[in-house]
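Working notes, structure below.
Predicted model only: the values in this text are computed from it and were never measured. To find a chain, count down the sequence lines: A is the first, B the second, and so on, and within it residues start at 1.
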Number of protein chains: 2
Amino acid sequence: MASDSSEIVKTDQKRSLETKKRILDATEQLFAQHGFYGTSMRDIAALSGSRISLIYYHFGSKDKIFQTVVDRRSEEHKNHMLGSLHNAVVLHEDAPVPLDILIEAYLRPCLERHQCHGPGWRNYIRLLAHLASESASSDYQKTFFTYDVVNKAFLNEFKRALPDAKDSHIYWGFYFLQTANINFLLDTQILDMQSEGQCSASDIDITIEQCQRFFTRGFTAP
Amino acid sequence: MASDSSEIVKTDQKRSLETKKRILDATEQLFAQHGFYGTSMRDIAALSGSRISLIYYHFGSKDKIFQTVVDRRSEEHKNHMLGSLHNAVVLHEDAPVPLDILIEAYLRPCLERHQCHGPGWRNYIRLLAHLASESASSDYQKTFFTYDVVNKAFLNEFKRALPDAKDSHIYWGFYFLQTANINFLLDTQILDMQSEGQCSASDIDITIEQCQRFFTRGFTAP
DNA sequence: GTCTATAATGAGATAGAC
DNA sequence: GTCTATCTCATTATAGAC
């Protein structure tokens, strides 16, 4: 009897987890495509193949499911980026990391998660980029603060790589790098359209190469 | 009689125009702050001090009022940017315009409209920047194509300024400049926060100076 | 041109059966 | 944990009086 009951619980828990995952995946996709206000609980229910009441049972409210979607992958992505930086640092035995390596260490984890880890990650990264583009007055932006530690770590390495540069120049340079990165992750197609197909930010290696070429020069400007 | 009637018409037309302007201003502000889906006709009616039915009378639907808001200022802003470029060109007597002048000619009209021409223009520019950040799949992005001619004209001047550079490098460089500009106009505060107040994109002259320093170097990268 | 009133639908959220 | 049914309120949009 005890084992029966516990097995039923296990099955239910498993089913529950699968349901929650389906709901979160659908929410993630819809928020990435249409934003918070452009997505209704009915849309989520339809895409996830469940009922509205079930979503409320599992998550409580629209705000909470949004938070859950954002929080679900943040630790992994954060650690991925910190790991990327760490690898570059240990590879250079604690000497300052060259600028082009630093730029790649910053961009590659984002671009790869965006393009190579399936639709779930792609939607999550696009959602993050969307949040980063909101003005500071938005309530959502506090969500973005999770990645503060990542940016601080990279800023620190940029300072080590450029010991003679003014701090302000490093802040501006890193800011320019981030604005480009955010735009990559939003899939805006600005570059593709203006170059009439000659250039595209959809090839990761080319994108990183162009950033290295352009931004190492910018960072070393007097 | 005839003059009476025509004066009444005039008065009504004037009142109508004022009402329309009040409604458009309110819509512009709300769309810039909360986006299309985050803004309701009720919000617009409340902020403009009119009735919902009046908005429908003047504009027909939410989609149409959005279009009207976007179209209202586009010609003027477009001509302002083209004029800025034209001034730089004639000032150099049709010789290639130096890179830093070109960068300023691109940024200054946007930044000034954003900061110095009142809340209406500020909201409009923020709205544009928001549209530019939407992914290409969005229906709204076609609105942004109005400014294609501006970008083409600037790209052309960049090519003249850098006769030895590959076309692809020019496209990438101009793209990087645009991603920075878009982020300025969105008021994201990323730079202010990461630099802990040491740097800010809210000072136009400093912003242009930093862009000139950084991007002229980037553009001339081999 | 502007108002009141209301239709028609969609939204977020909950109750209670199974 | 999942379902049906429903509540309450906000939403877009229209009809008709003045």
Side-chain angles (χ1 to χ4, degrees), chain A residues 4-31 33-70 72 138-140, chain B residues 3-31 33-70 72 139-140:
Chain A
D4 263 23
S5 145
S6 84
E7 273 187 14
I8 288 172
V9 169
K10 261 190 187 168
T11 309
D12 275 12
Q13 280 183 344
K14 195 179 170 189
R15 188 158 60 130
S16 168
L17 279 176
E18 281 168 3
T19 304
K20 285 174 92 164
K21 184 180 180 322
R22 270 189 1 252
I23 293 172
L24 285 174
D25 287 344
T27 308
E28 192 169 56
Q29 178 184 330
L30 290 167
F31 281 169
Q33 281 173 1
H34 308 113
F36 182 81
Y37 291 115
T39 303
S40 73
M41 300 297 267
R42 285 171 164 74
D43 296 333
I44 298 171
L47 187 63
S48 66
S50 59
R51 310 294 134 142
I52 295 183
S53 54
L54 208 48
I55 303 176
Y56 283 101
Y57 171 76
H58 282 298
F59 300 100
S61 73
K62 193 180 176 183
D63 285 309
K64 278 185 189 163
I65 192 173
F66 178 78
Q67 266 310 315
T68 310
V69 163
V70 174
R72 177 169 60 151
S138 166
D139 288 337
Y140 305 136
Chain B
S3 77
D4 264 21
S5 146
S6 83
E7 274 188 14
I8 288 172
V9 169
K10 260 189 189 170
T11 309
D12 274 12
Q13 279 183 344
K14 196 179 170 188
R15 188 156 61 129
S16 168
L17 278 176
E18 280 168 4
T19 304
K20 284 175 94 164
K21 184 180 180 320
R22 271 191 358 253
I23 294 172
L24 285 173
D25 287 344
T27 308
E28 191 169 57
Q29 177 183 331
L30 290 167
F31 281 170
Q33 281 173 359
H34 308 112
F36 183 81
Y37 291 115
T39 302
S40 72
M41 300 296 264
R42 282 176 153 68
D43 297 334
I44 298 170
L47 188 63
S48 66
S50 58
R51 309 294 133 136
I52 295 183
S53 52
L54 207 49
I55 304 175
Y56 283 102
Y57 170 78
H58 283 297
F59 300 100
S61 73
K62 193 180 176 183
D63 284 309
K64 278 185 190 163
I65 191 173
F66 178 79
Q67 265 312 314
T68 311
V69 163
V70 173
R72 178 170 59 151
D139 288 335
Y140 306 137

In this structure, how many angstroms lie between the [atom2] atom of [N] and the [atom1] atom of [X], rounded?
X      : N       : atom1 : atom2 : answer
M41(B) : dT14(D) : CE    : C1'   : 12 Å
L54(B) : dA15(D) : CG    : C1'   : 15 Å
R22(B) : dG1(C)  : CZ    : P     : 14 Å
R51(A) : dA5(D)  : CZ    : P     : 11 Å
R15(A) : dG1(D)  : CZ    : C1'   : 6 Å
I55(B) : dT2(C)  : CD1   : C1'   : 12 Å
Y37(A) : dG10(C) : OH    : P     : 21 Å
H58(A) : dC3(D)  : NE2   : C1'   : 12 Å

Among [options], find the nucleotide with the atom closest to the side chain of [X].
X      : options                  : result
I52(B) : dT12(D), dT2(C), dT2(D)  : dT12(D)
S16(A) : dG1(D), dA13(D), dT2(C)  : dG1(D)
K62(A) : dT12(D), dG12(C), dC3(D) : dG12(C)
T19(A) : dG1(C), dC3(C), dT2(D)   : dT2(D)
S40(B) : dC3(D), dT11(D), dG12(C) : dT11(D)

Discussion item. Strictly below 4.0 Å: does Y56(A) bring a side-chain N or O up to OP1 or OP2 of dA13(C)?
Written reply: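 Indeed, a polar side-chain atom of Y56(A) lies that close.
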Item to complete: For S61(A), answer base if it contacts any base atom (sugar-phosphate contacts may also be present), sugar-phosphate if it contacts only those atoms, and nothing otherwise; contact means non-hydrogen atoms under 4.0 Å.
Response: sugar-phosphate
Worksheet entry | K20(B) side chain reached by F59(B) side chain, heavy atoms, under 4.5 Å | yes
Worksheet item: Given side chains that start at C-beta, do those of L30(B) and I44(B) come closer than 4.5 Å, heavy atoms only?
Response: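 The answer is yes; the side chains approach within 4.5 Å.
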Discussion item. Taking donor-acceptor contacts at under 3.5 Å, does the side chain of S53(A) reach the base of dT4(D)?
Written reply: yes
Worksheet entry | Any donor-acceptor N/O pair under 3.5 Å between dG12(C) base and R42(A) side chain | yes
Worksheet item: Just by modelled atom types, is the R22(A) backbone N or O under 3.5 Å from a matching donor or acceptor in the D25(A) side chain?
Response: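 Here the side-chain-to-backbone pair does not exist.
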Item to complete: Please state whether the rings of F66(A) and F36(A) are parallel, tilted or perpendicular, taking 30° and 60° as the class boundaries.
Response: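 Correct class here is perpendicular.
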Discussion item. Name the residue from V69(A), V70(A), T68(A), I23(A) that meets the side chain to side chain contact (heavy atoms under 4.5 Å, CB included) definition with E28(A).
Written reply: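 It is V69(A); the other options fail the test.
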